[in-house]
Every structure is written in structure tokens, then in C-alpha cells.
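Everything on this sheet refers to the single structure shown next.
Note that the structure is predicted; figures quoted are calculated from it, not measured. Naming convention: chains lettered A, B, ... in sequence-line order (proteins, then strands); numbering from 1 in each chain.
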Amino acid sequence: MTFEEIQQRLAAKFGERIGALAPANKDPFLVVPAADIVEICRFAKEDEALAFDCLMNLSSVDWPKKNQIEVVYHLWSYRRRHSFILKVQLDRAKPEIASIESIWKSANWLEREQYDLMGVTFTGHPDLRRIMMPDDWVGNPLRKDYAEQPQWHNITTTRDNSLEGYVRLDELTKKAAEAAAAAKKELPQ
Amino acid sequence: MQGFIDNLIRGWGYDPASWPWTQFVYVAFMGLFSFIVINFAAISGGIFSWAERRIAARMQSRVGPNRVGPAGFLQWIADAVKLLFKEDLIPAEADNVLFRAAPYFMMVGFACVFVALPFSHRLIIADMNIGIFYILAVTALIVVGIIMSGWSSNSKWSLFGAIRSAAQIISYEIPAGMALMIPVLLAGTMSTQGIIRAQGPWPWQWFIFDDPAATAAFFIFFISALAEGNRTPFDLPEAESELVSGYNTEYSGMRFSYFFLVEWGNLWVMSALAVTMFMGGWQVPFLPAERLDALTGWAAFFAEVASVLIFALKTLFFVFVVMWLRWTLPRIRVDQMMNMCWKYLVPASFVSVLFVAGWMLVVRSAPAVGIAMRFLLAGAATVAVVLFVQRVAHNLRDTGDKFDFTSNW
Amino acid sequence: MAETQIPPPQSPGAFGAYVKNVRDTAKSFWEGMSVTLSYMFRKPITSQYPDRMSVPVSETIPARYRGFLEVDMDICTACQACERACPISVINIDIIKGDGKTTPKLRMERFDIDIGKCMYCGLCVEPCPTGAIQHTREFEGAVMHFNNLTLRFVPDVLQPVVAYKPPKGAEAFPRQPLGEITRKLVKAWDAPPPPFPSKEEAAKADHGKPKAAGLDVAAMGRQLAARALQVKEDKPKLQKVLEEAMAGTDCGDCGYPDCFGYSNAIAQGKDTSTEKCAPGGADSKAMLETILVSLKTGIVPGAADPKAEAPPPVPGAAPEPEKPKGPPLSQTLSKDELYKVVLDAMAGTDCGDCEYPDCDGYTRGIVYEGQTDLGRCAPGGEDTRVKLYEIMLGTKPPAK
Amino acid sequence: MSKPLEVPTMDMENKEVLRRIEIGGDMLLNMGPQHPSTHGVINFLVQTDGEVMKRAIPEVGYLHRSLEKIGERCTYNGYMPYTDRVDYIAAMFANQGWAMAVERLLGMQVPRRAEFCRVIACELNRISSHLISVGTMAMDIGAVTPFPYALREREFINDLLEELCGARLTYNYLRIGGVAFDLPSGYEDKVSAFLDHFEKILDEFNRLITYNEIFIKRLAHLAPIPAQMAIDYCLVGPNLRASGVNFDVRKALPYSVYPDFQFDVPLGKGEVGTVGDAWDRFWCRVEEMRQSCRILRQALAQLPQDTAIMGKVPRKIKIPEGTEAYSRIESARGDMQYYVVAGPGENAHRVKIRTGSFTAMGIIDALSRGLMIADLVALIASLDVVAPEIDR
């Protein structure tokens, strides 16, 4: 089924809560309200015509200008061989959305990764823990305004760049050369 | 050996029975022979470790150690010296006493076997009339050493290795024991020399080709010996990919070299036992045992050298086969190992013992059947070998490579 | 989930399964063992590097192998295209600008490549106009100290290397055979580390990238403008003067094959943008603008009458005096002259960032279609925005 | 489902907590992060009762370099060497995924010869990646010899790719809009010579290990994954096809010049055990190597002669902010997907790379109930999980 047909089928079922199909110059996507994401996904999976039996990808994009975090669901159907993109816009200060782990098992790790890297909390997730960073890490790395902590358990996160070392070394040699030249100039009077 | 010492004492003009110093001479000679045998065990262990690395490399299309000494032959000395100089770590929470004692238990278990193992027609430390019984009993000591090392290292992984190895060695003692009963039945004696004397120099006179059950017994014994030596496909205790190195993970330095020595020394023990029992040991062609005894002077010396060479060649062939198996087969899982022992090897060994007993009655009444069966089995074996050599040649040509045994050593 | 998933054990009761198992095992062992034994009689694949090699290892390495980087300083035009292309900024080049008379126009004080951090991706070799930077086939560079892993292609910081001026239209550039320079530079494995001063010591010696001495941008700009006025009609001579204001590295970043192309386009009036010379940076942009303004207005700015037509604000230069409040150019000039000035104010990189296919489209949008958003030229950035507001509305742009 | 195991927090100071945990007589084992058979730096918290495991919880993140954050700092062409590091065993596919994503953003066409160069490089890389996976799996089961054989063949491929693009592991061969170098002269016969030799080696490999009885006994019926569970956990690539799902991105959503080649997709048939068990995954990878040889032969035969290897790409690639593109390719470890949102100026706003190993790790926890420790090692090897791809 093409993107439009899928959108119409969803609109028929959910009425006004489904927005129009927004073209993103390549793959059109559908913005859905955060509240009934679980309902829409369950329908997308169980409905015969849609049959989205696989959550291919779950990522989140941080828009500081729009003060939003977009959670993007890429669905794929092995039976119908068609894909679809759902987007949910969450407030950037406290991004919170229901977990769809009960519908697709692959969401378990994908949601944990977004919780860890972007700070989106998925309520109802069976095992919401950090996946990439150590458990006591501060901050969410993929946010645009993320500043890395200087050290973690006194392991420094920065390393002295040897190129700067050479710059400093050259300064000293130049200073020394100028001093020598200046000294030679006064000597002959 | 005792007869040899008594003649020596008589040579000095004393009567061994009444001379008060006889016991001390016995102890002195015992010390001397044990020194010789343990050195032989250590050196053969070291050389086998070098040989195995070279053979494994060649089989994996690589080169292996070839820099220390000619063709890397002194590599094992370098390793031994390195192990001596390495720091001898003992983990903080290890059980000190057991941790230190474990390697010595293994060494004892391994070294005692050499007492009853023949090297040639005359060269044997003690030709006891309970030879096989003694060997089986003594190998059980190695299990004690392994469990001790695994438990005392106080690490979960070592414990895994130790328990697996204990289960494996104890359960494979039974098929090994039963399989060794068959040569004892055929030869009528448990003394290793006696068993060899009961066989002849030519293949069809060996016990392996005496009857189908004996051949089966040989394979059962060989598989069980692999399991007891923790060799592939039974190297579960130190399964690199799971337990890293099982019971000897925490050991280093001199203590580790004992484990290292026992593992590779065991190759000689295993192969020597198989050759003694089933492959006719040191029997020299055209020279049956009686004529060998009668020889004196230089003839006796050369006959002796010949018998040592034959015994060593047969044993080294089996050592090569054990190494070859290690670099071909994958590893069995723990439950499959137990399953194979109790459901395949043990019943097979009982059946074969009964079969041999029945077979001996048949042969006593109609000897021709016995001889026919021997030639039949020997012929079948040679056909199998020829087919195998053809298969190897086919494999060689199939991937477009050429026969090349000389370059890139 | 099934609680225990241990595979169902074969029922040995069925004698057939028992025999089949044994037969399968024997057959598969037979196959496997024959394969491994056949390898005993084949030549092992290992080539015993480093000493028992039939042919020296450098011959066995293919031509495109990406080993240590090497810069042949004789043909390096100091255009820093490689430094900009490197994703992890492993190349560090310091340029000293001269006025072309007393001191050479372009000298390199430092050209360091940290091969300890370099990932040998080859992105720096592609943009180099003269192929000075290449991957050699050297890979044996073990050293004891991490800081020894920096190749310094300018041997002594006190004798900067003069940048190479490629002859016009030259295709091949003579270079030393590949690998020689790097092999000399890679230190012995046990060389002592360089005596790096610590950050505090350097701070005392007021460390920081020194302002390039020896070149007064405004003065040189006026000189070139004066010379440009004399040769206003003679296009080739004008082109020569314009080229002097550029970095002269033929790096191609301006979209033209070399500096001649860019300066000729300006001389013929085809291209009015002054920012395309990336290596020249702010200096060459300021000089080109003073020349263009003087060509348009006929007088060298600031030479005779400082107040008459102050040069447009040069970023980084001293804050220029307040412009007299004349009507903005958009009312005074005709549409196509305005078109030229507005296009001239843009970055001219045809990047399409402003949602117009290229700069020409954006300019036509502003001049003819009344496009009001003047802040779209991303590469031009702040100073283009200032100029556009200047030209169209004559006011200062609101803060971003 | 047993009560979810409360995982002790990883507070470094109080290491005692981790070691002394006894859960109802079970033993808590830390398998990794330095462990010979976890294929890179992964840690498994294994709750075992003797040999049989109750549960194995994977802990990842030891190799997390945050490549997605670096994507937001680099220019489009500058990010290409980083995509090599996403999965350094099959680096060419990561390059292709990134190149296709940005080409979709630019909406540009890649010249035909460049597509052929890409397919040849990718299929060679697929064979070398499968060789490592197959070799390490055999070694994890205990057979050490197949591993050096696999590595020897991989060395030939490394030499071919080194001749093509100058590097043996992290190629950085593709560029946005084409490829960096054309095929060197005489390259076609070198590749076909390798292919002839390699197909015979494959048969020998099967004789040595694939049909070895112990190997079969160790892998048959091991952690069979039904098709529906595989789809639900979003397994991809050989892991999915071994469970019988006929889906290969090269066939289902054809990209590049794959429609011009005939090759079939090996599916798990449960030859020695149940469909979708570890042996099937192993067999699928061996067969896929054979199919890659077929593709390579056809690619060499139909190689176009025109010399254009690079489409028309502006020197500084700038894509209007907010446009996004999604590209899917069939990497050696399955369906690798790039989701790229363009940012202002020369770099992307967000890069999300979804790799096969990441979701394969998700299934290990569910599959590991009741297996033995030796089986967990075999299961990890059969899923062909690689640490850099999980953590990115």
C-alpha cells in the first residue's frame, strides 16, 4: 500500500487525531499525538491490511530551536512489503511517552538506547536502564546542549594533543632566537 | 630391575639375600632410575609441546616457532626457563595449602605410571605382575590434583573446569579399565612385558587384530585415554572459549609448568599404553622374544636398541595421531560427554569383553578361525589406510595446491 | 519460554540410531582428518616478515597503499586545503604572510602531521592542487614516546619554507620519490621525547598564535588599488594586480581551476565576489574589496581623502568611522547595477543554502522579486548580512 | 517468565556486591567484558545453577564512541571514514549505506561504473566478513583449525581490497556520488582467479567442519528461533533467513545494480536440526558466500567500460536543513539502515544508524533461558554479533 493509503486507513480508524501526511522531501511521515501512540501501533500491527509486524527503527531527534524532541518510529511489514514513518513531538524539558515494548519486542533495546542517549523516558518499559553509558553517567550525550563531564570516576575524558605541544615548543625556540638576536645587537656598540 | 641389581651385588662378591646393605643399594638404584625416568618424562613433555606447536601450525597452513634453535627445537627450553623465572602468583583469597600442593599431586600421579611402562625388551623399571592394575590405580591421582587446583583457586571459572574434569576422568576410567581387560584376557597376565610377549612383531599377531571386539576395545581405550588426558574432543576443563583455561587459570610460573608438563607428558603415557596393549610393543621382527632373551654381548645390545626404536616409533605415531585429532575436531559439550561415556562406551566395552571371552573358546576349539580372522582384520586395516592416503591426495589436488613438504619451514 | 531447552537426547534404544550415530561420526572424522593431514603436505601461507621474506616487503605493498603521509615542501602551495579536509584535524599548518617585496608573499612556519592520531583515510590527499601531500608505503614507525609520532615537514621553525608558486597550466609537478622524506623523518624507535614546555611555562611566554607580522593589509590594499587604477583598461595587467591580492596557491577552493581563473574572472567583470579565496581568508578579501571599490569610484579609498568613501567594514580591522547617512544604494543604483553589487556582497559559492539554486538566483530574488529575508547566505554569514542590509536598507542588521 | 532479576547497580567502589550475590543458590557469573568468545567487548551477567543457565543479561556500551554525535560535527564527506568504524569487519557496507543516504538527500544519480565498483567491493567484503564469522564460530565450538583457513582466505580478499582502495580494514573507498578510485588494471582476472580458488576452498571447509558430527551435535536444535519471534525481535540478515523468512534487501527493495544479477537467497531448512537453529545460521552464511561469488562473477562480466566513477557533486555539500532520508542496504550482518536529518551548513543535524547486531543482542536474553554455558558461547557466535556495531 502507498503512504497515502496507509494514512487514510489510519485516519479512518482514528479520525481527527491523525494529522495529514507531511512530505519531508524524501519519505513522507505522519505526526501522531503522544497520548495514543500505543493504540495506533497496536492497530498498525494487528490490522490485516497494514500488518506492520516489525518496528525497524526507533530514533529521536533533538530540535532545541523548536524546544521539541521528535521520536521517530520506522515501521516495516514483511508480509505487505511496505514501510511507514510515525513521528511524535514531545516537550524538550520532560520528554515522556508510553513504551510500545508490549507490541514489538525489538522496541525493548531501541527504547533503552533513546532513554540513555536522548533522555526520553518510556513509561511501562520492563527494564528501563542506561544501555551505552555507565549507570551513574550524568547527562544525555545526543542532546545538542550536552557538555561532557571532565572526568568519570577520576578517569579524564580529554587528552593533551601533541600538536599543541609542538606549537608551545616553537614559541619558546622563537623567543630564545629573538632574545639571542637582541642580545647580539646591543653587544657591538 | 631387581634381578639386575642382584646380579650386580653378586658381581661385587656378596650374597644379596644376606648382605646388610642390599636395601640401601636398592634405594640408591631406585633414586637413580626415578631420576632418569622423570627427566625423560619432563624432556619428552617439552619436546612434544614444541612438536605439537609445529604440527598444529603446519596443519593450519602456518609456520609455528622456528626461530629458537634449529627449526625452533629449543623453543620448549626457552618456554621452560621463562616459566621458571615468571613470578609465582598466588591469588589473595586462594586456599594456600591446597593451592601449593595441587601441582605435586598431579606430578606424582603422572610420574608413577612410568614404573610399569616398558621402554624396550629389558628396559622397564619394575615388571610387576599386576602392571595394568597398578597403572589404572595410579592415574586416578591426577583427578585429585585437578580438583584441588580448581577448588583452591577460589574462582568460579576454575571451579567449573575442575568439576567438569573430575566428572570426565572418573567416568572414563570405567570404559578404559574394561577395554584394558581384553589384552589381559588374551595374554592371560596383567604384567605389561607379559602382554607384549604374548603378541608377535607382525601386525596380524597384535591383539588389535585378534578379533573385532579387540579392535573395538582399542578404539574405546583410545577415546577414553583422550578423555583422561583432557585432550580434544574432550578438552572441556580448559575450554579456551568458555572457561579461558579452566583449573590452571590462576597458576603461573613454576607451578603452571607442572600442569603444562603433565598435560604433554600424558601423551607419551597414553600412546605407550596403547602400543603395549594392542600394537605389540617392542617386538622386533624375525626375533621372537625367546631368541631375544638368549642373545648376549653386542648382538644383545643392538637387539635392545632395535626394540627401543620400534617401541618409540609406534608410540610417536600415536602421539602424532593425538595431536592431529586435537587440531581437527571441535569440542564436545559436558552433557554430550557424559552421554557418550555412559550410553556408548561403557556398554560397548562390556559387550566386547564378553565377545572376546566367547571368541577365545571358539579359537581354542578351532585355531584356524582365529588365524583367518587375524589376517582378515589386518587386511581390512591396510585397505583402510590405502583409501585414506588416496583421500588425502585428492584433498591436496582438489584445491589446486601441489605436494610440498620442504619449503617454508 | 520452555524452561529447559537441552536438546532431546537421541534414544540409543533404537539400535539403528546407535549405529547411525557411530557411522556418521566415523565418516565425518574420516573427512575432517583427511583435510587436515593434506595440509601437512602443503606450503604454509605465512610470509616470514621481517627477515625471511623472498622479496622485500615494500614491493609486496600495492601502489595505492595508504601508509604514513608525506609532504614534498618544494611543491606545497600552503593553501591549507588538506588541513580543512582532515576530519580529525591532524594536520597543523602555520602561515606567515608577506607583502611579496621585502618578505616572500606566503611562507610556512610549521607543517606538522600527527601520524599517531591520523586514521589514514586519504581525505587530505584528494583536494591538494599540486599533489604535494601523498600517502607513502611506509608503515614501520614504532617509537617509544607518543609525541615522537609527529612528522615535522618544516625542519626549523626559524627558517620558514617559502610556498611554491606553480607555473600556469602546469599538469605534472616534480617531486622527490615517494617515501624518502618520511623515512628520514620517522624517528629512531628509541629517540627521546621532544622537550614540550608545560602549559604554565608556555603561558608565561605569552603563547598564542602570533599575529602574522610583516603585512599591513590596509596599506597593501591601497597600494594595489592605486596600481589597479593606472592599468584600469588593460585587462591582463589588471588581472595580474588582482592575483597579487590573492593567496596564489591555485587550490581550486574558489571554484576556478586556479588563481589566474578567479582573478581573470574579476578583471573581466564576470565575477564580482571577493571572498572566494579560502586560503587568502580575510586579508585577500579586504584587499580585493579595496581594489574593486577603487575601480568603481575611480579614487583610491583612504589615500587622498579619508572621509570621502571609507572602505566597507573589514572584519577584524579597527572599527571603521560612522558612514555618512546617504540614501541606501537600492534607491540610487539601477536594477542591474544593484544586482551586481548585491551579488558581489554574497558568498558566491552557489551552495544552495538559501533554498535558491545558486547565488545568482538569491540575488535576483532580492533585487527583482523583493525577497526581504537578507540573512539566508550561510557561507557569507555575518558580514554578507551586514552588507546586504547596508545596500538594501542602509541600516544596521538586527542582532541574530 | 521468572521474576525479572534485579540487576545490582554497577557501583565501582563496592565490588563486593557483585561477587557475593547469591540468588537462591544460583551463581552469578560475569562473562566478559574481557572474554575470548564474546567477539569484542561485551559483558554477560549470567545467572547459572551449575552448567545450566537461568538467565544471561547482556551489558553493552564498552565500545560506545557515539558515532551518531560525531555525525553531527563532520561534513558529509568527512564522516565517511567514521562509517568504516561502525562495523570494521564489513566496513564497505557502512560506507555504502552512508553514501546512499546522502545521495538520496541530494537526489543525485551515481554513474553506472561507480555502482559496479561498489557492488564488487561490497560483495568481496561480505565474503571476508562471513569468513570471520564462520571461522570464529568454529573456534568457539572448539575446532581451532577452520579459523586460520578462514583467515587465510580473508587475507587474499584483504590484498584485493588493499590494491583497490589502499586499506585492508577501514576502506573509506566510497565517496558521496561515486567511488574514490577506479579498478586498477588487471583487477578483473585477479578477482576471478581468487573466486575459482575460493569456491573449492568452500567445499573443503564444508568437509572439514560444517558436516562434522560433533559440530552438528553441538549446534543442531540449539536456540531455534521461530520466524515470528525473529520478526518480532527484528532480527535481520542471515539470522532472519535462517528462521525461514525470505527477505533480502538486495532482492526485496533492489538498490544499486543488484537487479541485473541472478542470485538466490539461502533459507534455513532445518537440515540437521529444527529450522532456525544455530547450525542453520552457520549454514546460511556459508551459502551466502557462494552466492556472493556468483554475484561477483556476473558483476565482472557485465562491467561497463565508460570511465566515469564520480557523479557531479558540489565541492562543499550543503543540504537544506530539515530534509531527511532513510537508506537500507543488505550488510553482511543484515539490513543496515541510515536515518539522516540534514542540518544547517555542511553537516547533518542527526544521524541514526540501525545495525543488525544491536537487535540480535536484544534476543539473547530471551533465548538464553535453560541453555548451558557452552551453548551461550555458540549462540553468540551463531548470531554473529560484533561489539562496534552494537555500541556504535
Q.
Can you tell me which of D:I214, D:N212, D:I216 forms the most heavy-atom pairs within a distance under 4.5 Å of chain C?
A. D:N212
**Q.** Pairwise distance CG(C:N21) to NZ(D:K217) - rounded to 0.5 angstrom
**A.** 4.0 Å
Q. Taking atom SG of C:C121 and atom CZ of D:R85, what is their separation to the nearest 0.5 Å?
A. 7.5 Å
(Q) Need one label for D:F205: side chain, backbone, both or neither, based on atoms under 4.5 Å from any heavy atom in chain C. (A) neither
Q: Considering non-hydrogen atoms only, spot the tightest contact between D:C165 and C:R66 and give its length.
A: O-NH1, 2.8 Å
Q | Structural part of D:P184 lying under 4.5 Å from a heavy atom of chain C | A | both
Q.
Rounded to the nearest 0.5 Å, what separates atom OG1 in C:T36 from atom OH in D:Y149?
A. 6.0 Å
(Q) Using the rule given for side chain to side chain contact (heavy atoms under 4.5 Å, CB included), can you reason through C:E126 versus D:R175, listing the C-alpha separation, both sets of side-chain angles and the distance that settles it, and then say yes or no? (A) CA-CA 11 Å; C:E126 280 165 23; D:R175 293 292 177 275; 2.6 Å; yes
Q: Under 4.5 Å heavy-atom distance to chain D, tell me which part of C:Y65 shows up: side chain, backbone, both or neither.
A: both
Q) If you round to the nearest 0.5 Å, how far is CD of C:E31 from CD of D:E213? A) 13.0 Å
Q) Just how far is it from atom CD1 of C:I88 to atom CZ of D:R73, taken to the nearest 0.5 Å? A) 9.0 Å
Q: Hey, could you give me the OG1/CD distance between C:T60 and D:E162, rounded to the nearest 0.5 Å?
A: 8.0 Å
Q. Non-hydrogen atoms of chain C under 4.5 Å away: do they reach the side chain of D:D277, the backbone, both or neither?
A. neither
Q) Can you name the nearest heavy-atom pair linking D:E204 to C:Y39, along with the distance? A) OE1-OH, 2.7 Å
Q: Check each atom of D:Y173 against the heavy atoms of chain C and say whether the ones under 4.5 Å are side chain, backbone, both or neither.
A: neither
Q) Side chain, backbone, both or neither: which part of D:R207 has a non-hydrogen atom closer than 4.5 Å to chain C? A) both
(Q) Is it true that, when you exclude D:K200 itself, more than 12 heavy atoms of the residues, nucleotides or ligands shown sit nearer than 6.0 Å to its NZ? (A) yes
Q: Quick one: closest heavy-atom pair of D:Y82 and C:M119, and the distance?
A: CE1-CE, 4.2 Å
Q: Examine whether an atom of D:L164 lies under 4.5 Å from a heavy atom of chain C, and if so say whether it belongs to the side chain, the backbone or both; otherwise answer neither.
A: both
